[in-house]
Amino acid sequence: MSYWKRRNIIEVEGKSLFTGHYHLFFADKEKTFTRKLGDFTKSYGKTYGIYQGLNKIIVTNDLDIISEVFVKQFENFHGRQVNPFVGDPEKEKMVHMFFARGARWKRLRALASPAFTNANLKKIHETVEDSALEMVKLLDKVADKEINIRDYFNEYTMDIICRVSMGQTESKMFKNPYFFDVDYTSFFPMMAYCGLIPSFLIKLSFMIGAMIPNSEVDIFLKLTDKIGKAVEARIKQREDDEKRGIEKGEPSDFIDMFLDAKVDELPDEGGEEYSRANVSSIDYDTLGRLKYLEAVFKETLRVYPLAASANARECTRTTTAAGLRIEKGESVMTDTWTLHHDKNLWGPDADEFVPERWLNKIPHPQGAYLPFGAGPRMCIGMRLAYIEEKVALCHILRKYDIAEGPNTGEELNLRGTALVHPTHVKVILKTRN
Ligand code: HEM
C-alpha cells in the first residue's frame, strides 16, 4: 500500500517510481506547475497527497488547515522544503532568507525587516520614482507602437533591486550587468527529481554542470557570485556613505498592463485618478490614496498569483492541523490558483477581473487570498512591490492610454515553474491628448 493510502489521504493517480507525480506536471506544456494543481484539485478535492520524487506533499485548499499551518502552528512549520542545491537551511551562509529556517531564518528576517519600515520605504520611494521616470523616457521612444511591455518592467524591477540593495548608483535599464534573462524551466524540473536521487549524486551533477561553460548551473553560479559581490560592495558603500553622512535609499506590473488593455473601462477610471495626482512627482503619501490603482494590483494578483509555488511549508514536528495529522518531513502546499478563483469564496464573478470588488470591503474569507503568502514568513517585499507597481503605472498613465495592439491576444502565455511569468505582453502606449 502506498504511503498516502496508509495515511488515509487521497493520492493522485499516476505516480512514477522516479519522479513521483512530477512527470505529470512537466508533461503538460500548456500549464504551469501551479495551474496544473488545479486539475488535480478538481478531480481529488480540497486535500490530497502527491510525491515530488520521494518528497511527500499534501496539497490543500482547506482554509482551516491553511490557517493552522501558515499562521497558528508556525513553530511546527517554520521551514520551506529544500533540496540539496540549496544547502543546509539552518547553518550554511550561502542559504538566503527564502530557504533558511529555524534560528538562522529568524535572524535574517530580523535583520532585513527594518529595510521595509514606513520610514525606509519613503526613502526607497525616491529611487523607485527615479527608475520609473527613466523607464518612461525609454517608453517615450516607442510611444504609439506595439511593444512588449514585459521587457520594460523586467528592467525596471531589476533596476530598483540593484539600486536599492546592490550599490548601483544610477539607473541602468537595458544595460544592467546583473540582468540575466535566463529561462530556468529545465533547471527547476531537474530540482524536482532531487527527492529521489541520493544527494551526493545531485551534488556531483551540480559540480559537473558547473564545469560546463554556459550550462544552467554555470550561469546560476555566476549570477549568485555576482549578486554576492554586489551585496558586499553595497555594504561597503553604505559604510562609506555613513562615514560621509550620506543616506540614500515585481513582476506583476506587466500583467496589469495586459489587463488594462483588455478591460475597456479601466483606463478611464484609472486616468481620472491619475490626473488628480497629475504632478511630475507622485509622493509617498499620495500613493496611499490611490485606492483604485491598489484595487487593480490586488485583483491582478488574485487572478494571476505568480509566486504561488512559494506557498508551502515543511512540517518539522508531527502534529494535527484542523483534524488532519501531518507527519514530520511532509510538506503542505496550497493550490493558490484554485483558491483565488473559487466561486464559493469570491462569488459568481470569481473568474472575471473586477477591481471594484476591493473598493469597499475585504471581498474574501480570511486565508483565501495568498499572493504574498501568509503568517510570519509571508513576503517581506510586499509593500515595496505595491510601491513599484503604483509609481510605474501612475507615471505611465499620466502620459499614455494603454491600448490593444495587433498581437495582444486573448490569453497570456504563462510560463515558469517557481515563478510564473507571461512570455510577452504586447500593448500600445497611445499618447494622451
Ligand atoms: C508582486 C511581487 C511579489 C510577489 C507576488 C511575491 C510573492 C511572494 C510569496 C508568495 C512569498 C512566499 C510567502 C510565504 O511563504 O508565505 C514570498 C516570499 C518572499 N519574498 Fe516576495 N513577492 C513579491 C515581491 C517581492 C519583493 C519586491 C521582494 C524584495 C524586495 C520580495 C522578497 C521576498 C522574500 C525575501 C521572501 C521570503 C520571506 C521569508 O521566507 O521569510 N518579494 N514572496
Side-chain angles (χ1 to χ4, degrees), residues 33-34 66-74 77-82 86 89-90 95-117 120-121 124-125 127-128 131 150 153-154 156-166 227 231 234 249-257 293-294 296-314 331-337 339-340 367 369-393 414 416-422:
F33 169 78
T34 39
I66 293 173
S67 154
E68 289 286 329
V69 168
F70 284 77
V71 187
K72 293 184 188 152
Q73 293 199 33
F74 185 66
F77 296 94
H78 56 81
R80 300 179 191 281
Q81 191 188 312
V82 290
V86 169
E90 308 217 14
V95 179
H96 50 66
M97 190 203 305
F98 188 83
F99 283 121
R101 61 169 73 161
R104 184 172 154 70
W105 168 77
K106 226 176 184 176
R107 182 169 167 272
L108 290 177
R109 182 98 191 191
L111 283 171
S113 293
F116 299 94
T117 58
N120 270 331
L121 285 172
I124 291 174
H125 166 263
T127 310
V128 173
S131 286
R150 188 201 110 129
F153 283 125
N154 274 348
Y156 167 67
T157 47
M158 195 63 184
D159 204 44
I160 292 165
I161 285 292
C162 289
R163 295 180 75 182
V164 168
S165 62
M166 296 188 204
I227 292 174
V231 171
R234 174 63 181 137
E250 188 131 306
S252 64
D253 303 294
F254 40 77
I255 290 185
D256 284 346
M257 279 292 183
L293 189 55
E294 191 162 311
V296 169
F297 187 45
K298 285 183 174 156
E299 182 69 350
T300 303
L301 285 174
R302 182 187 71 81
V303 180
Y304 297 102
L306 301 177
S309 69
N311 289 337
R313 297 284 182 275
E314 188 173 305
S331 290
V332 180
M333 179 184 271
T334 63
D335 169 10
T336 311
W337 286 73
L339 203 59
H340 282 195
Y369 182 62
L370 300 169
F372 294 100
R377 286 203 84 142
M378 85 179 282
C379 177
I380 200 171
M382 178 180 79
R383 294 179 66 211
L384 175 59
Y386 269 78
I387 294 171
E388 289 182 4
E389 187 271 346
K390 282 183 174 178
V391 170
L393 282 182
L414 295 174
T417 319
L419 287 175
V420 173
H421 58 89

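All figures in this text were calculated on a predicted structure; none of them were measured in a lab. Atoms within a ligand are numbered from 1 in the order they appear, just like the ligands themselves.
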- Item | Non-hydrogen atom of L384 closer than 4.0 Å to ligand 1 | yes
- Query: Does H96 reach ligand 1, in the sense of a heavy atom lying below 4.0 Å from it?
  - Reply: no
- Considering A312, P376, C379, S309, which one's heavy-atom position lies nearest to atom 25 (C) of ligand 1? C379
- Task: List every atom of ligand 1 that sits less than 4.0 Å from any heavy atom of G373, numbering the atoms from 1 in the order shown and giving each element.
- Result: 10 (C), 13 (C), 14 (C), 16 (O)
- Item | Heavy atoms from other residues, nucleotides or ligands near CZ of R109 exceed 12 (cutoff 6.0 Å) | yes
- Item | ligand 1 atoms in contact with A374 (distance to a heavy atom under 4.0 Å) | 16 (O)
- Message: Pairing donors with acceptors under 3.5 angstrom, does anything connect the side chains of S131 and R163?
- Response: yes
- Item | Test log, rule side-chain contact (heavy atoms from CB on, under 4.5 Å), inputs E389 and T300 | CA-CA 11 Å; E389 187 271 346; T300 303; over 6 Å; no
- Between R150 and H421, do the side chains contain an N or O donor and an N or O acceptor separated by less than 3.5 Å? yes
- Of the backbone atoms (N, CA, C, O) and the side-chain heavy atoms from C-beta on, which set of R109 has a member under 4.0 Å from an atom of ligand 1: side chain, backbone, both, or neither? side chain
- Query: So do M97 and I380 actually touch side chain to side chain, heavy atoms under 4.5 Å?
  - Reply: yes
- Message: Polar contacts were defined as any N/O atom of the residue lying under 3.5 Å from an N/O atom of the ligand; does this apply to R377 and ligand 1?
- Response: yes
- Query: Thinking salt bridges, do E314 and R80 make one under a 4.0 Å N-O criterion?
  - Reply: no
- Note on the structure: Within the 4.0 Å heavy-atom cut-off, what P371 brings close to ligand 1 is backbone
- What part of E389, side chain, backbone, both or neither, has a heavy atom within less than 4.0 angstrom of ligand 1? neither
- Short list, please: which atoms of ligand 1 are under 4.0 Å from a heavy atom of W105? 39 (C), 40 (O), 41 (O)
- Do the side chain of N120 and the main chain of P114 share a donor and acceptor less than 3.5 angstrom apart? yes
